[in-house]
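Residue numbers count from 1 along this sequence.
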Amino acid sequence: MSAQPLAQPLAEAAASIASPAHSLAQQLGHPLAASAASLVQSVDWLAVAPPLIAAVVALGVLVADLFLPESRKNVLGWISVAGLAAAALMLLPLLDGDRATFCLAGAGTGTGAGPGSVTGAPRACSYAADHFTLVIQLLVLGGALLAALLSITTLDDDRRRVPPGEFWFLLLSATAGAALLPAARDLATLIVALEVASLPAFALVGIRHGDRRSAEAALKFFLSSVTATAVSLMGVSFVYASTGTLYLTQVAQRLPDTPSQLHSLAQTGVVLTLIGFAFKTAAVPFHFWVPDTYVGAPLPVAAYLSVVGKAVGFSGLILVTVVAFPSYADVWGPALAVLAALTMTVGNVGALRQQATRARSAVRLLAWSSVGQAGYLLVPIAAAGYAKDAQKAIGSTVAYALMYAAVNLGAFAVAAVVGRGRAGNRISDYRGLYATNPVTALLMAFFLLCLAGLPPGIIGLFAKVTVFSAAVGAGLGWLAVVMAVNVVIALFYYLQWTALLFRAPEGETVRHRIPAPLTAAIALAGVAGVALSGAPQLVLRFAATGLF
């Protein structure tokens, strides 16, 4: 039977179906085209390169771990370091202007996209590589790079209990989420990035096999973080129900015009979202997990959490307060001011109470110190709720975070050096460090003086002055007084530790060889601290100019 008679009826039937559809398309014309265009997203691959590279290298390390013999597992560490360095270098091409991607139609994508769209509405994008994003991504990737250098030595010393492939995959995955979060400009992406940064961190804390302390630390960290996530998700859902949008700029535009019947729902959503991020920043009273988590985790993981984990929490808090909820500044401004006062006081008093002879007292003191430093970081964010120029206040937080990241990672690196010779890692173990490792002792003294805000740690003094000025400029004189009192409290334990470095050692002095990765980490932190102290005004200018 020939196919010719069948082909003609089929073609006519197809034409009869297509003809009305074609006519309808012609009648609707432009709306259909506009709708189709709105569904097509062009991805700016250069803008998303930093977190994307970290994620791709994480998958590559996981696959490579399957094929490498046990004797060559150390290669994974250097691959991870190279990947983090490449991700950080990809920030350089993004300095030419703001870039945004995954935007609504007409929102202005690509290089130089302004704050408004063609119609004058605020730009609605899910990912933005603006100045704020780049500064925080520099902090995250730089902090992760130093933590990775510390980890290479730690894994070589403790390979039997820490699987290298899983460790590097988790570290890179957490870094990818942490680098994504400051670029998130909608609440869904913000929560997803927060969890991508947090979930691998749980496993990193408890990754040491057979260590009960590590398992307990991971459990505490997990429970507190899950609670924070649940509270944040409920808050975000309430905000979405009140405004009908997840984009931060649109939330900021619609929150003041919320219908009266949804006003209580919107208020509850804002408060719950802020509480969730307060957990992530380790603000008091949500700080209880920090000391035990830092002590139980491997030292490089504690260093990572103290800097990169803190950057994740604070960048998310800045985005939801200043960008999404500016109309509720009268709510979050006073609340964050009280949290800042409580956090810095509890953190510094906790550090002051540490006994020098207690096991792991050095790491525990650094943990409590990081809680106190979180209080200082909260001050400018609280001031942004009162100040006319919120961007300048936020710039003080970013500048302080850059200083804190460099010197705190340096202090953890020196702690790793001492911990190689003395597993207890007590504060008393640092006595006479100058006699055995003079350069390391001098750098440790410099890092501690930076954290205290004393010369020659000029960057620490400068950062504290900028935070103090932000509080005074916003009319928060009482908070500035609380901060001044806490700075004096912190001076005692920082100077006490510094003096211990130069005392005569007890017993026979033993000089320990420092591995190359550990030397590189200490050197990089030292160079960063000295460079920032040499030109502190450049830090504030770099951190505060055109953040959003």
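- The backbone N or O of A266 lies less than 3.5 Å from a partner atom in the side chain of S242, making a donor-acceptor pair.
- Atom CG of residue L181 and atom CG of residue L319 lie 7.0 Å apart, to the nearest 0.5 angstrom.
- Classification of E216 and K220 as a salt-bridged pair fails, no side-chain N sitting under 4.0 Å from a carboxylate O.
- A parallel orientation is assigned to the rings of W289 and F221, their planes being inclined by less than 30° (bins at 30° and 60°).
- Under a 3.5 Å cut-off, the side chain of T133 and the backbone N or O of A128 do form a donor-acceptor pair.
- Without hydrogens or angle criteria, T466 side chain to A463 main chain gives a donor-acceptor distance under 3.5 Å.
- Side-chain atoms of R503 never come within 3.5 Å of backbone atoms of G432 as a donor-acceptor pair (strictly under, hydrogens ignored).
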For M344 and V371: C-alpha separation, side-chain torsions, deciding distance, then whether side chain to side chain contact (heavy atoms under 4.5 Å, CB included) applies. CA-CA 7 Å; M344 67 177 75; V371 174; over 6 Å; no

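- Heavy-atom minimum distance, Y304 versus A144: CE1-CB, 4.1 Å.
- At least one donor-acceptor pair closer than 3.5 Å links the side chain of S428 to the backbone N or O of A356.
- Between R208 and L299, the closest heavy-atom pair is NH2-N, 4.5 Å.
- Remark: L76 CG to L155 CG distance equals 9.5 Å, nearest 0.5 Å.
- Taking every heavy atom of both residues into account, V81 and A148 meet most closely at CG2-CB, 3.9 Å.
- For the side chain to side chain contact (heavy atoms under 4.5 Å, CB included) criterion with L170, the lone passing option out of L204, L62, V205, T175 is L204.
- S370 places a side-chain N or O within 3.5 Å of a backbone atom of A367 that can act as its donor or acceptor partner.
- Between L378 and A283, the shortest heavy-atom distance links the atoms CD1-CB, 3.9 Å.
- Between R360 and D292 there is no salt bridge, since no side-chain N of the basic residue sits under 4.0 Å from a carboxylate O of the acidic one.
- Between L449 and P455, the closest side-chain pair of non-hydrogen atoms is not below 4.5 Å.
- Of the possible donor and acceptor atoms, none in the side chain of K464 sits under 3.5 Å from a partner among the backbone N and O of A484.
- Closest approach of I459 to G529, counting heavy atoms only: CG2-O, 4.1 Å.
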I would like to know whether F132 and I318 meet side chain to side chain contact (heavy atoms under 4.5 Å, CB included); could you show each step before the answer? CA-CA 10 Å; F132 172 79; I318 289 170; 4.0 Å; yes

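- Taking both residues in full, the closest heavy atoms of T273 and V236 are given as OG1-N, 3.5 Å, listed atom of the first, atom of the second, then distance.
- Counting heavy atoms from C-beta outward, L274 and V320 have side chains that approach closer than 4.5 Å.
- S232 and K280 share no donor-acceptor pair across their side chains, judged by distance under 3.5 Å alone.
- A distance of 14.5 Å separates OH in Y328 from OG1 in T321, rounded to the nearest 0.5 Å.
- Proximity of Q354 to W368: side-chain heavy atoms (C-beta onward) are separated by under 4.5 Å at one or more points.
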Derivation of the side chain to side chain contact (heavy atoms under 4.5 Å, CB included) call for V301 and F167: CA-CA 10 Å; V301 176; F167 180 90; 3.8 Å; yes

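- Identified under the side-chain hydrogen bond (donor to acceptor under 3.5 Å, both in side chains) test for residues 487-499, with sequence neighbours left out: N348-Y493, S369-Y494, Q373-Y494.
- A 4.5 Å side-chain heavy-atom check between Q137 and P50 finds at least one atom pair inside the cut-off.
- When side chains are defined from C-beta on, Y376 counts as touching V487, because their heavy atoms get closer than 4.5 Å.
- Between L219 and L223 there is a side-chain heavy-atom pair separated by less than 4.5 Å.
- Side-chain contact check for F314 versus I381: some heavy-atom pair is nearer than 4.5 Å.
- The neighbour count for Y240 OH, taken as heavy atoms of other residues, nucleotides or ligands under 6.0 Å away, does not exceed 12.
- From T227, atom OG1 reaches atom CZ of F286 across 10.5 Å, with rounding to the nearest 0.5 Å.
- Although no hydrogens or angles enter the test, the distance criterion places a donor-acceptor pair under 3.5 Å between the side chain of T154 and the main chain of L150.
- Side-chain contact between T245 and D186 is absent, with no heavy atoms from C-beta onward closer than 4.5 Å.
- Using a distance-only test at 3.5 Å, with no hydrogens or angles considered, a donor-acceptor pair links the side chain of S361 to the main chain of I427.
- No more than 12 heavy atoms of other residues, nucleotides or ligands shown are found within 6.0 angstrom of CZ on F492.
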Test side chain to side chain donor-acceptor pair (under 3.5 Å) on Y386 and D330 and set out the steps. CA-CA 8 Å; Y386 296 86; D330 58 335; over 6 Å; no

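- The SG atom of C450 lies 11.0 Å from the CG atom of N408; values are rounded to the nearest 0.5 Å.
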Give the C-alpha distance, both sets of side-chain angles, the deciding distance and a yes or no for side chain to side chain contact (heavy atoms under 4.5 Å, CB included) between D65 and E166. CA-CA 8 Å; D65 180 55; E166 290 90 332; 4.2 Å; yes

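- In terms of modelled atom types and a separation under 3.5 Å, the side chain of Y404 and the main chain of G460 share no donor-acceptor contact.
- Separation of atoms CG (L524) and CG (L149) is listed at 6.5 Å; rounding is to 0.5 Å.
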